[in-house]
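All heavy atoms count here, side chains included; hydrogens, waters and symmetry mates do not.
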Amino acid sequence: MGSRGRSESPIARIFGWVSVVPAPTVTLGNLFARELPEMALPWQAEEAPEPRLLALNEPLAGALGFDPAWLRSADGLRLLAGNRVPEGATPVAQAYAGHQFGGYAPRLGDGRALLLGELPDADGRLRDLHLKGSGRTPFARGGDGLAAVGPMLREYVVSEAMHALGVPTTRSLAVVATGRPVRRETLLPGALLARVASSHLRVGSFQYARATGDVELLRRLADHAISRHHPGAAEAEHPYLALFEAVVAAQASLVAQWMLVGFVHGVMNTDNMTISGETIDYGPCAFLDAYDPATVYSSIDSGGRYAYGNQPAAAEWNLARLAEALLPLLADDQEQAVEIAVAALGTFRPLYDAAWSAGMRDKLGLPAGLDEAVAAALADELLTLLQRDHVDATSFHRALGTAARGDVDPARNLFLDLAGFDGWLERWRALGPDGDAMDRVNPVYIPRNHLVEEALDAATTGDLGPLDRLLEAVAQPYDERPGLERYAAPAPQEFGAYRTFCGT
Ligand code: AMP
Ligand code: MG
């Protein structure tokens, strides 16, 4: 259960007093800790010396039954910082393994994070309340267990933008500055993120369970995942195969949505891929500006393993690692288990292709009955043109809606090769695209890299204004509003090539 703050007295309301916010009873479940104790290390957050709220997601807080005014109080901040453990909670560091850039690490786990516990949202669905940047745990290895203000606010902005875009994602409840400095290249102000997710089960969680050699643990983990995410699988003839198929389908759909909106995750290691199909762990992520499949933003991805255009293949590779982990549950005979897994993994490509094609058809405003081959050819040719002329993908798709309504100039002006684009435009317009429908799927506002950097730099030095304005723009990405023109524009030339940094 969430919190239930009593409302203020009538006198307090008349005089506008908000001095004392009554302490609600906050209770959190400990389902994961109870069902999977082998993967849950009870642990406590480090004391935040001077907690200060930098961002609070009031609608999300409300949906979880928290009173936002109470969360802003000293006690509320202590809860958000992990220093006030709610009733019934057993905060734990979760154990998981993972392939990082293709290399297997048998013991990763929450090095600087804690699962505080679970609580139901307004629809009765169970949600994890999790902290990132809450201090060292036994999984910290060489790390300091901390996080800086910039990266935590970055996750807040980008995850909330993704949610507003309709892409499944973990959510951000709050960012709290801890008052503790963090040493990176320089000394930076520290912060932690309170994150909400339908769970924190990862492909790496299954790799960890499998590596213990304890098949009953693996089975318990799979049962836990089925009940939390894919309850339909419990009714299937083969529940564990149905679980795997459901994860494959969820990830195929998720990555198709990333590709359609131009999102580059940047660090698609198996420990950063969920079983739920939510985007998780916003580190060196960024949105595409000029369309180019080879785009890499992360400073550590020198080989381009997680380049924009490689994301579907990276997801498929990760799902193969999940299949390997699940083999003992798929059949007693290992050869047979492999056959079953390979066949199920084979559904990833067609599911991904179907999701991407349907999404692209919507982005182009094409009629539902249009021949698939015609739509596919049109999309392919367009991508070639966009790439050749380094066209800003988000601006283009939005401008194309205007073109559908008759004004082709905003789209046309983005190209150098006008003859090439005019040919495409003519064929596309002949199909009668629906510009208004396009505006409902092609965002005006995404968290553009230069604006994210501007907002984080200002917040790090104490000015939260640019962050608030950016959040306001990206919270309603499809709704064009006067006064927000700079949030719709690509980066100025002088912003140059963008680089992002991981694990900070
Ligand atoms: P990430 O790349 O953020 O998904 O993290 C990969 C692994 O490194 C996870 O096990 C994290 O808990 C751990 N990690 C990242 N940064 C830190 C840090 N500053 N202190 C301790 N552990 C960390
Ligand atoms: Mg991670």
Undergrad: If we check salt bridge (Lys or Arg N to Asp or Glu O under 4.0 Å) with Glu47, which of these qualifies: Arg78, Arg180, Arg84?
TA: Arg78
Undergrad: Just wondering, do Leu71 and Glu58 contact through their side chains at under 4.5 Å, heavy atoms?
TA: no
Undergrad: Are the charged groups of Glu472 and Arg469 less than 4.0 angstrom apart, N to O?
TA: no
Undergrad: Just do the ring pair (Phe, Tyr, Trp, His ring centres under 6.0 Å) check on Phe101 and Tyr306 with the steps written out, would you?
TA: CA-CA 9 Å; Phe101 289 90; Tyr306 301 135; 5.0 Å; yes
Undergrad: Indicate the ring-plane relationship of His130 and His200, choosing parallel, tilted or perpendicular according to the 30° and 60° boundaries.
TA: parallel
Undergrad: Taking atom types as modelled and ignoring hydrogens, do the side chains of Gln207 and Thr270 form a donor-acceptor contact shorter than 3.5 angstrom?
TA: yes
Undergrad: What residues, two or more places apart in sequence or in another chain, satisfy side-chain hydrogen bond (donor to acceptor under 3.5 Å, both in side chains) together with Gln476?
TA: Asp479
Undergrad: Check for a donor-acceptor pair, side chain of Asn30 on one end and backbone N or O of Gly117 on the other, with a separation under 3.5 Å.
TA: no
Undergrad: State, without any angle test, whether Tyr282 and Ser172 hold a side-chain donor-acceptor pair at a distance under 3.5 Å.
TA: no
Undergrad: Does a salt bridge link Glu324 with Arg210, judged by any charged N lying under 4.0 Å from a carboxylate O?
TA: no
Undergrad: Donor-acceptor pair, distance only, cut-off 3.5 Å: does the side chain of Asp333 make one with the backbone of Gln336?
TA: yes
Undergrad: Taking CZ in Arg499 as the centre, count heavy atoms belonging to other residues, nucleotides or ligands within less than 6.0 Å. Is the count above 12?
TA: yes
Undergrad: CE/Met39 to CG/Asp110 distance, rounded to the nearest 0.5 angstrom?
TA: 10.5 Å
Undergrad: For the CG atom of Asn83 and the CD atom of Gln44, what is their distance to the nearest 0.5 Å?
TA: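 Interatomic distance, Asn83 CG to Gln44 CD, rounded to 0.5 Å: 8.5 Å.
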Undergrad: Is the His265 ring parallel, tilted or perpendicular to the Phe263 ring (thresholds 30°, 60°)?
TA: perpendicular
Undergrad: What I want to check is whether the side chains of Tyr498 and Glu453 have a donor and an acceptor closer together than 3.5 Å.
TA: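 On atom types as modelled, these side chains qualify, holding a pair under 3.5 Å.
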Undergrad: With a 4.0 Å cut-off, would you call Arg195 and Asp281 a salt bridge?
TA: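 Yes, charged N to carboxylate O under 4.0 Å.
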Undergrad: In plain terms, say whether Asp121 and Arg125 are close enough for a salt bridge, that is, a side-chain N and a carboxylate O under 4.0 Å apart.
TA: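 Here Asp121 pairs with Arg125 in a salt bridge, since their nearest N and O are under 4.0 Å apart.
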Undergrad: Without swapping roles, check the side chain of Tyr478 against the backbone of Leu165 for a donor-acceptor pair under 3.5 Å.
TA: yes
Undergrad: Is the backbone of Arg136 close enough, under 3.5 Å, to the side chain of Trp43 for a donor and an acceptor to pair up by distance?
TA: yes
Undergrad: Looking at Arg127 and Glu118, is any side-chain nitrogen of the basic one under 4.0 Å from a carboxylate oxygen of the acidic one?
TA: no
Undergrad: Judged by atom type as modelled, is there a donor-acceptor pair below 3.5 Å linking the side chain of Ser357 to the main-chain atoms of Ala354?
TA: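 Not a single qualifying donor-acceptor pair exists.
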